[in-house]
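Throughout, a chain's letter reflects where its sequence line sits, starting with A, and its residues are numbered from 1. The analysis underlying the following values was restricted to heavy atoms, covering all of them including side chains, and did not include hydrogens, waters or symmetry mates.
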Amino acid sequence: MKQILMGNEAIALGLVHANVDMVSGYPGTPSSEILGNFEKFSKKFDCETYAQWATNEKVGFEVAYAGAIAGKRTCTTLKQVGLNVASDALMSASYIGHLGAMLLVSADDPGFHSSQTEQDSRSFAKFAKIPVFDPATPQEAYDMVKIALDLSQKFETPVMLRPVMRVSHAREICEVDDEVNFQPNKGEFKRDMGRWAAVPPKGRFAQGLEQLRRVDTIAQYNWENFIEPRVKELKGGQTLCLTSGTGDGYVKEATEELGLEADILKLDMPYPLPKEKLEKLFDDYKTVIVFEETYPCIEEQLSSPKLHGKLTNDVHKIDEFSKDKVIQAFNNVGLTDKQSPYQNKKFEDELPVRPPNLCPGCPHRDVYYSIMKVFKKKKSIYSSDIGCYTLALNQGAIDTVLCMGASVAMASGFSIADKSKTVIASIGDSTFTHSGVAPLINAVYQKHRFILVIMDNSVTAMTGRQKTPERANPGVINLKHIVEGCGAVCMEHIYTPDIDESVAFMKEVKKKFEDMDGPLVVIMREFCVLDKERAPAMLPGIYAEVDPDKCVACDICTTQYKCPPMHYNEDHKIEIDPFLCIGCDACIDDLCPTDAFIERKLK
Amino acid sequence: MKYQVVIAGIGGQGAVFLVKVLSIAAGLKDQKCLGTENHGMSQRGGSVSCYVKVGDFYSPAIDEGQADLLIALEGNEGLRNIQYLKKDGGTIIVNADEKFPNIEYKTVKIDAFEKATNGEIPIQALNVYMLGVTLAKDPNFPFNLGDIEEAIKVMNAKMADKNIAVLHKAIEDSRSV
C-alpha cells in the first residue's frame, strides 16, 4: 500500500508494523514526532501499546530497555544530544543485552538547524558497540525499523536507527504493509542475576568478550545481508564511492547530472563493518571516497592508501551535505577539475537578518525584561538553559547556554567564582524536571547563593508542546513541592500580561534574596501562546499600535523587549505589524518611556 | 519530469503547509516527490526555507542554481534564497510590493499583505494565496488547479472550502499581474 509519509511518521508506522509495544522517549527536534505518531497509529489500528514521554532521555531509554529485558519489543526516541544524556545507560545495555528487541532512534541534525552540537550518532553507536542503520529517505527509515528490530531480537542487543533531519522531516510516497497484524508481546521477566546484574570485573569482562564476538558476527551478517547483494552490481574501474544515509542521494544525483564515472556502494549499516571484505573490494579501483554525514564513522573503520574522506581533508567535515560538496570532493581528490554548477550568486545587498525569536505575546519576554530591569546587566550573570526561552538571547537576557539543565549548576559555579555579581539562572519547567533537580539539591546543601527562575509554561514548547509531567498529572506533581522538597525557598507568581506587575514581583524577589544564604527559587506560572487549551483565556485581545508623535526612537522596545511585530518604518518611527500582534496588551502603558504604544482602534 | 521548488518565508507563515500540500498532490498522481520541512527552533519567527523535489531525485535538499521555482511568502526571504534558482529559466513568485528590486530572474510579484490589510484575504491563508498565484503564473508548474484542490481536501477537509476559495481568488487576482 502506498502512503505519503513524513520520515518520523514512517518510523512510527514501521514500529507498529514491527510489533513494537513500548515506546518511551524525550522530545527533541528532529525526533519529536515519532512518539506522538506511534500513539496515533496505535489508536487507529487498535493496538494496545505503551507510548509515553519520559522526564529525560536516560529515563526514557531505561524504561524501554527494561521492557526489552522482559521480552517486549521496545523503542526509545531522542535527538543526538539527548543520546548524551542516555549514554550511561546505553553503554552498559550494550554489554548486557536483552531478550526481546530494542530500537534506539537517535535523530541527528547536520547543519545545526535546531541543535547545539552536530555530533554523529553513528559514531556514538560505534563507541557503544551497537549496530546502527542510516536511512537516506522516509521509505528506507520505514524498512530499516523492521530490519533493525529483527536484528536486535536475533542478536539480543539494542540497535540504533539514525535518521538525520532531512529524513525525519522529509515527505515521500512510501510503500508500507497493507495490514497490521499486531500481537502484544508477552512481558515476562526471567531472573538471571549473572546477566542482568553482572558485577565487575569478572561478570562485565565476560560480557565484554561476548560483545566483541557479537560485533564481529554482526559485521559478517552486515556483509552477507546488506553489502554483498550490492557488490554484484559494481563494475570496477577508476572510482568507488562508499556512501551512508543521505550522503548517498547527493552522490547519486551529482554523478548522474555531471556524468562522473564512479561506482556507488551504499552501506545501510555503517557500523559494524566487515573491514577485510570491504578493503578487498578496493583492489578493483584506483580511488575510494567515503561520503557520510557528518563524522568519519565509516572512514575510521577502514584503512587503505586509496581511501579518501574527511580524514584526508578531501570531504567536508562540518555542516549538511550538498551536491556542491560532492563535486568539491571529486576535485580535491584530483578525479575531476570541474567548475561546480551548484554555486550561484546570492543577493548582493545586505538583507535584514531574521533570527528565531520568542513568539509575539510570549510571557518569557516579559519575565526576562523584568529580570533585566531589576537585576541590572552590569551587576548580574544570567545563566540559562535549552528551550524556547533560549531565544531571549535576542533581548540580551542570557549569558550562557550549555546543555539541558546546566543553568542551575553553572549558577552554582558562577556564585562561587564571581561573588561581586548576582547570578540569576533561568530554566523551563520541562528542562527543570529533565535535569534541574539534582543540581538544585546540590546548591541547597552547599548553600550556593543564586536565584533560579523556573519559567513554567506547562508544555515542552519548542519541540511541539508535548505535555509535561505536571500538566499531565495536575494536583499530583507540583513544581513547588519538588522545589521545597529539595530544601529550597520558593516564591510562586502567576504571570499576567502586565509588565509593571512582573517588575514589581521581581523587586520582591530581589528584596527576599538579600536575606538568603542559599538558592532562592522563583516559579513563574506562565502559559504558551501556541497552547490552544490555555492561551485564549490568557490573552485579552487588546492589540497595539504606535502613536508616531510620541515615538522618540529610543530603541528600548527593539533591543530590550524585541517583540516581533515592532520595527522601524521609513520615517524612523516604531510601527506594529498588525498581522503579527497577538493582542496581549503587555506593551501598552508599561514598556515605552514616552507611552507611544496605544490600543489599536478597530476600523 | 523533474521540477524543484524552494518555498521561503518566515516561521509561522505556513511554508510547511505548502510542502504537505504539494507532497500530497504528487502522491495523488503517483508522482515521485521528496519534500523537506523545518521544525523546532526555525519555526519561531525565523527564516524558513523548505524544498519540494518532484521527479526522480534521491537527495532531499536543493543546491544553489537548481530550483525551477521559488515561492516567497515574504520579499526579503525571497531575496535571501534567489541563489537556489536556475540561472536560466528560474522563476520567483513573491509576495512583495513595488519596492521589490529588479533581479535577473523571471519575477511575478503580488502584494498579498495589502490584500490582507484590505480584508480581501485572511492573513492565515497567505500561503494558499501564493500557491494560487503560482498556479496562474507558472506555466511549467507540475500541478494544475484540480490537483491542488484535491490535495487541500485530503489534507484538511474542514478547512478545504475556505482554502479553495482563496486559491480561486488568487488566480482571479493574477490576471492583472
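There is no contact between A/Cys362 and chain B, counting heavy-atom distances below 4.5 Å. Neither the backbone nor the side chain of A/Pro360 comes within less than 4.5 Å of any heavy atom of chain B. At a 4.5 Å heavy-atom cutoff, the contact between B/Gln31 and chain A is made by backbone atoms alone. Of the two parts of A/Glu33, only the side chain, counted from C-beta on, holds a non-hydrogen atom closer than 4.5 Å to a non-hydrogen atom of chain B. Contacts between A/Thr137 and chain B at a heavy-atom distance below 4.5 Å involve the side chain alone, from C-beta outward. Residue B/Ala116 touches chain A through both its backbone and its side chain, counting heavy-atom pairs closer than 4.5 Å. In this structure, no portion of A/Pro578 lies under 4.5 Å from any heavy atom of chain B. Interface residue B/Leu85: only backbone heavy atoms are found under 4.5 Å from chain A. Using a 4.5 Å cut-off between heavy atoms, B/Lys53 touches chain A through its side chain atoms alone. Looking at A/Glu348, neither its backbone nor its side chain comes within 4.5 Å of chain B, counting heavy atoms on both sides.
Using a distance-only test at 3.5 Å, with no hydrogens or angles considered, no donor-acceptor pair links the side chain of B/Asn76 to the main chain of A/Leu351. When atom types are taken as modelled, the side chain of A/Arg171 and the backbone of B/Ile24 share no donor-acceptor pair closer than 3.5 angstrom. No side-chain donor-acceptor contact under 3.5 Å links A/Glu172 to the backbone of B/Cys33.
Annotation for B/Lys169: atom NZ counts as buried by contact number, over 12 foreign heavy atoms lying within 6.0 Å. Heavy atoms from other residues, nucleotides or ligands lying under 6.0 Å from CG of B/Asp88 number 12 at most. Within 6.0 Å of the CD atom in A/Glu175, the count of heavy atoms belonging to other residues, nucleotides or ligands exceeds 12.
Taking a cutoff of 4.0 Å between a charged side-chain nitrogen and a carboxylate oxygen, A/Arg166 and B/Glu37 do not qualify as a salt bridge. Look at A/Lys345 and B/Glu64 and you find no salt bridge, because none of the NZ, NE, NH1 or NH2 atoms lies under 4.0 Å from a carboxylate O. Comment: A/Glu253 does not engage B/Lys2 in a salt bridge, judged by the lack of any side-chain N to carboxylate O separation of less than 4.0 angstrom.
Here A/Glu257 contributes atom CD and B/Phe57 contributes atom CZ; the two are 6.5 Å apart, rounded to the nearest 0.5 Å. We find the CG-NZ distance between B/Asn81 and A/Lys346 to be 10.0 Å, quoted to the nearest 0.5 Å. Atom CD1 of residue B/Ile62 and atom NZ of residue A/Lys323 lie 8.5 Å apart, to the nearest 0.5 angstrom. With values rounded to the nearest 0.5 angstrom, A/Leu580 atom CG is found 8.0 Å from B/Gln13 atom CD. In this structure, CG in B/Leu79 is found 8.5 Å from CG in A/Asp349, a value given to the nearest 0.5 Å. Rounded to the nearest 0.5 angstrom, B/Gln66 CD and A/Tyr342 OH are separated by 5.5 Å.
Between A/Pro138 and B/Leu34, the closest heavy-atom pair is CD-CD1, 4.4 Å. A/Phe579 and B/Phe113 make their closest contact through CZ-O, 3.5 Å (heavy atoms, listed as atom of the first residue, atom of the second, distance). Of all heavy-atom pairs between A/Thr246 and B/Pro60, the closest is CG2-CG, 4.2 Å. Heavy-atom minimum distance, A/Gly249 versus B/Ser59: C-CB, 3.5 Å. Contact between A/Ser322 and B/Asp63 at its shortest, heavy atoms only, is CB-OD2, 3.5 Å. Residues A/Asn344 and B/Ile82 approach most closely at ND2-O, 4.2 Å, considering heavy atoms.
Looking at heavy atoms from C-beta onward, B/Glu74 lies in side-chain contact with A/Arg354 at the 4.5 angstrom threshold. B/Tyr58 has its side chain within reach of A/Glu256: a pair of non-hydrogen atoms, C-beta onward, lies under 4.5 Å apart.
Residue with the most contacts toward chain A among B/Gly65, B/Cys50, B/Gly35: B/Gly35 (heavy-atom pairs, distance under 4.5 Å).
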